[in-house]
Amino acid sequence: MKAAQITSFGTPDVLHINDIERPAPGPGEVLVSVEASSVNGHDVMVRAGGLRMVSGRRFPIGVGLDFAGVVVETGAGVPDYRAGDHVWGMVHPREKHATAGAAEYVVVPADRVSPAPEGISSVDAASLVVGGATALIALRDSVRLEKGERVLVRGAAGGVGTAAVQLACAMGGHVTALARHRHAKALQELGADKVIDYVDTTPEETGSYDVVIDTVGSELNCFRSRLTKGGRMVTVALSGGAIAAIAASSVHGARRIRTFSANPEADVLRALADHVSSGALRPVVEGVYPLADVASAHRAFERGGVMGKHVVAVSG
């Protein structure tokens with residue numbers, strides 16, 4: 001089978017499509033024929049060497065945190081899936097993988113997949129896994145958004161941001177999206193009540209909010225100061241500066257800056273699929289690349305300024 005792997009850390013040029021042996025599922029695992037995988041910040045950081053503590057230095061290392069595809073085979077003790085089932089899921093972000101989502105086949109524990117939402121393609125499904133799950137956990141579990149609350153989504157045009165805008169609207173929030181002006185119309189079509197161009201606006205000029213969802217990781221204290229009494233803020237972008245700001249904010253109690261590891265298991269994926277099926281969450285895909293050109297997908301991700309996700313079409 002073919003798999004995207006790196007044999008050293010570096011630029012997208014270190015990505016190679018290698019022929020390797022197809023894995024076999026062990027007890028409690030499923031073998032999935034991958035049809036699509038998206039490019040996420042985690043993938044880019046692993047490739048660049050920014051997550052050596054997670055990925056280790058033993059090469060080759062597979063890339064692709066998420067996937068959508070079809071079950072081919074199950075190991076012992078997996079009663080819920082059978083060959084032919086359409087699923088989506090994630091590899092574990094803290095485990096070391098010679099193969100991951102950007103490969104023709106991937107083996108994962110059965111509790112890391114769920115039935116894929118019906119009515120959308122695998123390319124569209126793959127675009128929603130990481131961003132959608134991260135946004136859902138942030139809104140539902142971390143800040144516990146309540147109906148009628150004012151929500152600021154920072155980095156609203158990205159994979160997490162576009163999902164957060166839609167899910168916050170579905171939960172009854174009054175949503176302001178912070179993004180480039182050229183994305184305003186698209187974000188309003190996703191449900192944003194207001195779009196602010198961050199290029200021309202300081203944090204102090206954005207207003208006050210009950211909830212701030214941050215996907216950028218800079219100026220965190222400035223945006224935390226925009227919280228109302230009882231407001232909550234969560235960031236999903238963990239730079240060195242962000243970690244320091246999170247730690248320092250603990251003195252503010254409920255108004256501290258929260259974070260979490262987006263490591264969804266099947267229950268989150270099932271809830272996410274329900275939002276897709278209800279029409280509350282729809283995919284936003286910026287570009288689709290063949291597996292052989294996964295390096296171009298990484299380059300496009302790193303250039304930034306996009307609306308939605310870059311997806312690698314593997315098969316199907």
Side-chain angles (χ1 to χ4, degrees), residues 40-41 117 120 124 127-181 183-198 201 203 206-217 219-220 223-237 254-262 264 267-285 306-309:
N40 297 282
I120 64 172
D124 285 343
S127 75
L128 289 169
V129 177
V130 171
T134 302
L136 181 60
I137 294 170
L139 290 161
R140 186 190 68 180
D141 303 331
S142 185
V143 299
R144 298 183 180 180
L145 177 64
E146 296 181 5
K147 186 176 180 179
E149 289 190 311
R150 290 167 293 172
V151 184
L152 177 68
V153 179
R154 187 172 178 229
V160 177
T162 52
V165 167
Q166 296 179 77
L167 291 172
C169 291
M171 294 176 184
H174 185 281
V175 180
T176 297
L178 195 58
R180 290 182 181 271
H181 176 72
H183 299 312
K185 182 178 179 181
L187 287 165
Q188 288 170 337
E189 290 174 350
L190 293 179
D193 299 286
K194 182 179 180 181
V195 180
I196 297 176
D197 186 351
Y198 70 84
T201 310
T206 59
S208 60
Y209 299 91
D210 303 300
V211 167
V212 174
I213 305 295
D214 172 79
T215 74
V216 180
E219 299 184 284
L220 295 184
F223 282 95
R224 195 204 64 79
S225 71
R226 309 320 303 156
L227 291 175
T228 59
K229 183 179 180 180
R232 292 90 65 207
M233 176 176 175
V234 61
T235 182
V236 300
R255 296 175 72 245
R256 69 189 184 280
I257 303 169
R258 306 153 196 249
T259 192
F260 59 90
S261 174
D267 59 333
V268 173
L269 296 171
R270 288 192 180 95
L272 192 66
D274 289 341
H275 282 290
V276 177
S277 298
S278 72
L281 178 63
R282 63 180 190 265
V284 182
V285 177
V306 303
M307 180 75 187
K309 296 297 293 287

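Quantities reported herein were computed from a predicted structural model and do not represent experimental measurements.
- Interatomic distance, Leu227 CG to Ile257 CD1, rounded to the nearest 0.5 Å: 8.5 Å.
- A pairwise comparison of heavy atoms in Ala135 and Val160 identifies CB-O, 3.9 Å as the closest pair.
- Between Leu187 and Ala177 the shortest heavy-atom distance is CD1-CB, 4.0 Å.
- With a 4.5 Å cut-off on side-chain heavy atoms, Met307 and Thr162 count as touching.
- Side-chain atoms of Phe223 and Thr235, non-hydrogen and from C-beta on, never get closer than 4.5 Å to each other.
- Distance CG/Asp193 to SG/Cys169: 6.0 Å, rounded to 0.5 Å.
- To the nearest 0.5 angstrom, Ile137 atom CD1 is 11.0 Å from Leu167 atom CG.
- Using a 4.5 Å heavy-atom cutoff, the side chains of Leu136 and Met171 are in contact.
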May I have the step-by-step check of side-chain contact (heavy atoms from CB on, under 4.5 Å) for Thr134 and Phe260, ending in yes or no? CA-CA 9 Å; Thr134 302; Phe260 59 90; 4.0 Å; yes
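- Between Thr228 and Arg150, some side-chain heavy-atom pair lies under the 4.5 Å cut-off.
- The minimum heavy-atom distance between Val234 and Ala138, with the atom names listed, is CG1-CB, 3.9 Å.
- Side-chain contact between Val211 and Met233: absent, with no pair of heavy atoms (C-beta onward) separated by less than 4.5 Å.
- Listed by first then second residue, pairs satisfying salt bridge (Lys or Arg N to Asp or Glu O under 4.0 Å) with a partner in residues 152-177 read Arg154-Asp214, Arg154-Glu219, not counting sequence neighbours.
- Atom CZ of Arg144 is surrounded by 12 or fewer heavy atoms from other residues, nucleotides or ligands within 6.0 Å.
- Between the CG atom of Leu178 and the OG1 atom of Thr215 there is a distance of 9.5 Å, given to the nearest 0.5 Å.
- Between the CD1 atom in Ile213 and the CZ atom in Arg258 there is a gap of 10.0 Å [rounded to 0.5 Å].
- Looking at Ile196 and Thr176, their side chains come closer than 4.5 Å, going by heavy atoms from C-beta outward.
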Taking only distance into account, with no hydrogens and no angle test, what donor-acceptor pairs under 3.5 Å do side-chain atoms of residues 278-285 form with protein atoms, sequence neighbours excluded?
unit_1	atom_1	unit_2	atom_2	d
Ser278	OG	Asp274	O	3.4
Ser278	OG	His275	O	2.9
Ser278	OG	Ala280	N	3.3
Arg282	NH2	Glu189	O	3.0

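- When all heavy atoms of Pro117 and Ser277 are compared, the closest pair comes out as CB-OG, 4.3 Å.
- Taking the side chain as every heavy atom from C-beta outward, Tyr209 and Val151 never approach each other to under 4.5 Å.
- Using a 4.5 Å cut-off on side-chain heavy atoms (C-beta onward), Arg232 and Glu149 make contact.
- Rounding to the nearest 0.5 Å places OG1 of Thr201 at 11.5 Å from NE2 of His181.
- Leu139 and Ala164 make their closest contact through CD1-O, 3.7 Å (heavy atoms, listed as atom of the first residue, atom of the second, distance).
- Taking both residues in full, the closest heavy atoms of Arg226 and Gly207 are given as NE-O, 3.0 Å, listed atom of the first, atom of the second, then distance.
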